[in-house]
2 protein chains.
Amino acid sequence: MVAQKIRNMEEFSAKCGVSRPTVSKYFNEPSSVRASTRQKIEAALEQYDFRPNLYAVNQNRRITKNIGIVVPYVADPFFSEVARKLERCCIEAGFSPSTFSSHGSPDHELEILDILRSMRPAGVLMAPIGRDSHKKKLEAFCKEIPTVLVDSNLEGIGATFIGSNNFQSVPLMVEYLCRTGEPPCFFEMPPVNPNANKRRAAYTQAMEELGHTPHVIRVEGDDWEFEEIGYNGGLKILEKNDLPSRTILCSNDRLAIGLMAAAYELGIKVGIAPDCTLRIAGHDDHPFARYTCPSLTTISQDYEAITERSVDTLVNLIEHGRNKRDREDTLYEGRLIMRSSA
Amino acid sequence: MVAQKIRNMEEFSAKCGVSRPTVSKYFNEPSSVRASTRQKIEAALEQYDFRPNLYAVNQNRRITKNIGIVVPYVADPFFSEVARKLERCCIEAGFSPSTFSSHGSPDHELEILDILRSMRPAGVLMAPIGRDSHKKKLEAFCKEIPTVLVDSNLEGIGATFIGSNNFQSVPLMVEYLCRTGEPPCFFEMPPVNPNANKRRAAYTQAMEELGHTPHVIRVEGDDWEFEEIGYNGGLKILEKNDLPSRTILCSNDRLAIGLMAAAYELGIKVGIAPDCTLRIAGHDDHPFARYTCPSLTTISQDYEAITERSVDTLVNLIEHGRNKRDREDTLYEGRLIMRSSA
DNA sequence: ATTAATTTTTAACGCGCGTAAAGTTTATTT
DNA sequence: AAATAAACTTTACGCGCGTTAAAAATTAAT
């Protein structure tokens with residue numbers, strides 16, 4: 001690597017012995033230039049490390065190579081994992097991802113849309129907050145920029161939706177819990193997104209099909225501190241001691257983690273061991289679900305498949321345009337992860 | 001809001017009844033134009049929502065308003081919290097943060113530096129991976145772009161370092177543990193960054209000053225799956241049952257969470273209750289430490305202070321240039337969080 | 001060797017905005 | 001009211017690159 005700094009593509013192309021437009025073509029798509037000139041350029045690249053000015057490139061390209069990634073709350077390990085995997089897929093597909101977290105606030109979600117607009121991304125992967133999202137503005141955004149919804153579906157918004165099938169995963173869990181003990185009640189908080197609603201509905205349906213009466217317990221809370229909500233709500237319902245069932249299926253793992261903490265504090269032993277008086281199950285296979293005490297029985301979402309498929313779909317959309325007719329949503333099935341809490 | 005689309009600042013300035021250079025000045029610093037013209041512009045802004053083209057702006061400004069944020073592993077809730085707070089501070093200070101995660105890989109950390117370079121940021125807030133970071137390249141980067149190191153210090157690299165004082169926090173915990181029971185042994189994994197080394201050293205020193213013999217237990221593992229490392233290592237050492245102490249101070253909370261899971265699985269009761277045979281303490285006050293079973297006694301780092309101070313320092317550096325002489329690192333003190341695990 | 005097809009070069013324009021210089025208007029001071 | 005300062009307008013250039021069209025060079029095919 002030579003010390004001399006290259007200021008711009010003009011200078012660099014001189015070092016290559018190739019004209020600037022050709023070098024420009026190369027950076028757009030290396031395979032679009034003849035092998036011999038590609039070699040010249042790459043040889044120079046070894047010597048002078050030059051990178052085209054990001055801003056100049058993006059200003060002039062019709063569409064950029066940027067992909068926006070929006071998750072509702074990056075401090076939630078589920079979403080930080082999702083974001084991480086999405087990023088990786090984007091890079092592999094030759095795009096530059098930029099990740100944003102709505103921090104659980106619909107207003108912030110809107111602000112992110114504005115930031116995204118100013119980035120003129122080729123496409124957006126969006127896990128919307130859900131419940132409180134400003135639907136109309138979101139819809140307008142999706143019409144402007146190719147957007148794939150991930151994890152949480154908003155009917156009719158975005159080009160497609162890719163997530164998991166709550167109507168498969170929840171019954172799977174309900175059946176398991178019924179087969180191995182008392183039929184579960186359902187522990188939830190005010191739903192933050194459609195998944196929460198679907199899970200409750202799927203629970204109710206599954207219970208009825210098995211000939212049991214569904215019981216839904218809802219506790220208060222309206223932010224993204226799910227553990228806290230599960231804990232405080234858990235303390236209340238466990239202290240009253242009039243649970244409809246000693247098996248509790250939680251709407252998600254974080255809620256379950258809070259509930260388990262409450263049970264522990266009240267001296268209630270959780271698990272499937274003989275001396276336990278409460279079974280708790282979750283949903284999502286949160287990265288820490290393996291390390292709760294007891295380890296959490298839950299449903300594992302197929303992260304890998306969801307994220308890969310999302311990026312694939314978006315890239316297709318970007319490169320071949322949208323097929324208006326087929327907003328065929330993809331739903332992946334969850335796997336039952338049997339551990340020791342239920 | 002009027003339907004008509006504004007294409008560029010020229011068009012927009014016409015709508016304002018103000019010249020383009022003045023509008024440009026306004027977007028740079030609203031207070032730099034007369035109140036009356038500011039009103040004109042803002043009135044037009046209400047009607048036509050126009051935003052200057054991001055790429056054109058950044059291409060032409062001497063320095064951008066971007067700040068790069070780099071954390072070693074965003075799926076680690078500690079760092080996702082840190083990233084979140086850093087972002088917020090940057091925005092409040094009028095900058096545009098972009099967050100990157102090294103995903104625990106030094107090579108990826110280097111790639112991020114390249115991406116950052118091409119963004120020409122005004123400054124960078126960096127929590128380096130530590131142990132395996134390519135120090136020389138990092139150093140070169142810091143000389144190019146004003147960089148403040150956060151959380152994990154690399155001697156002599158960056159403009160300043162801001163983090164917590166392990167030599168205050170660890171002794172605080174050691175003293176507490178000694179006062180309330182058996183002196184602790186120290187549970188660690190191969191150190192991923194200087195903090196880990198400092199914590200061990202601080203532990204040893206504190207124990208000796210109190211007249212006790214320090215015992216360090218190191219378990220294997222070299223990635224960022226700390227819970228798994230704590231769990232697997234924990235199973236091994238707990239099964240052998242020749243612990244130097246029934247009180248274990250862990251190098252960090254995630255390790256402690258893994259260790260607690262191992263103890264639970266082996267039927268070892270953890271906590272300060274009379275029937276418990278093992279005490280476990282952590283360090284960092286991980287967002288979930290409150291919800292472990294039992295809840296985790298730990299050291300709380302002053303996130304808020306660290307992040308605010310980091311951004312303040314960087315903004316100062318950006319606006320007033322660097323004072324070469326005073327690389328005066330800032331260390332915040334940790335607070336002892338007494339819960340029920342130790 | 002001639003022709004056709006492909007690739008590269010040359011030359012030039014435009015993207016949207018920052019910025020600077022010179023001249024003009026507006027506000028402030030005495 | 002005149003003098004001065006401050007803010008604004010006009011004009012113009014440049015940033016670094018994408019992109020295009022026409023001309024030139026290279027390669028492949030006949």
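Proteins get letters first, then strands, A, B, ... in listed order; numbering begins at 1 in each.
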### Task
Could you please name the option among C:dT19, C:dT8, C:dA12 that lies closest to any side-chain atom of A:R20?
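Out of C:dT19, C:dT8, C:dA12, the nucleotide with an atom closest to A:R20's side chain is C:dA12.
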### Closest nucleotide among C:dT19, C:dG18, C:dT8 to the A:R34 side chain
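Side chain of A:R34 sits closest to C:dT8.
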### Query
Under 4.0 Å: is that the gap between some side-chain N or O of B:S24 and OP1 or OP2 of C:dG18?
yes
### Side-chain N,O (B:N58) to OP1/OP2 (C:dC17) below 4.0 Å
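Negative; the distance criterion is not met.
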### Task
Would you check if the distance from the ring center of B:F78 to the ring center of B:Y73 is below 6.0 Å?
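Here the rings of B:Y73 and B:F78 have centres that are no less than 6.0 Å from each other.
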Which part of the nucleic acid, if any, lies within reach of [X] when heavy atoms closer than 4.0 Å are counted: base, sugar-phosphate only, or nothing?
X: B:S36; value: nothing
X: A:Y26; value: nothing
X: B:F12; value: nothing

### Positional range of nucleotides in DNA chain D within the contact set of chain B, heavy-atom, under 4.0 Å
D:dA7 to D:dG16
### Message
Let me spell it out: for each of A:E10 and B:S32, pick the nucleotide of DNA chain D with the closest heavy atom. Which residue's pick is nearer the 5' end?
### Response
B:S32
#### Entry: Residue met sooner reading DNA chain D from 5', once B:S19 and A:M9 are mapped to nucleotides
B:S19
### Query
What heavy-atom pair brings A:V82 and A:T307 nearest, and what distance separates the two atoms?
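Shortest heavy-atom contact: O-CG2, 3.9 Å.
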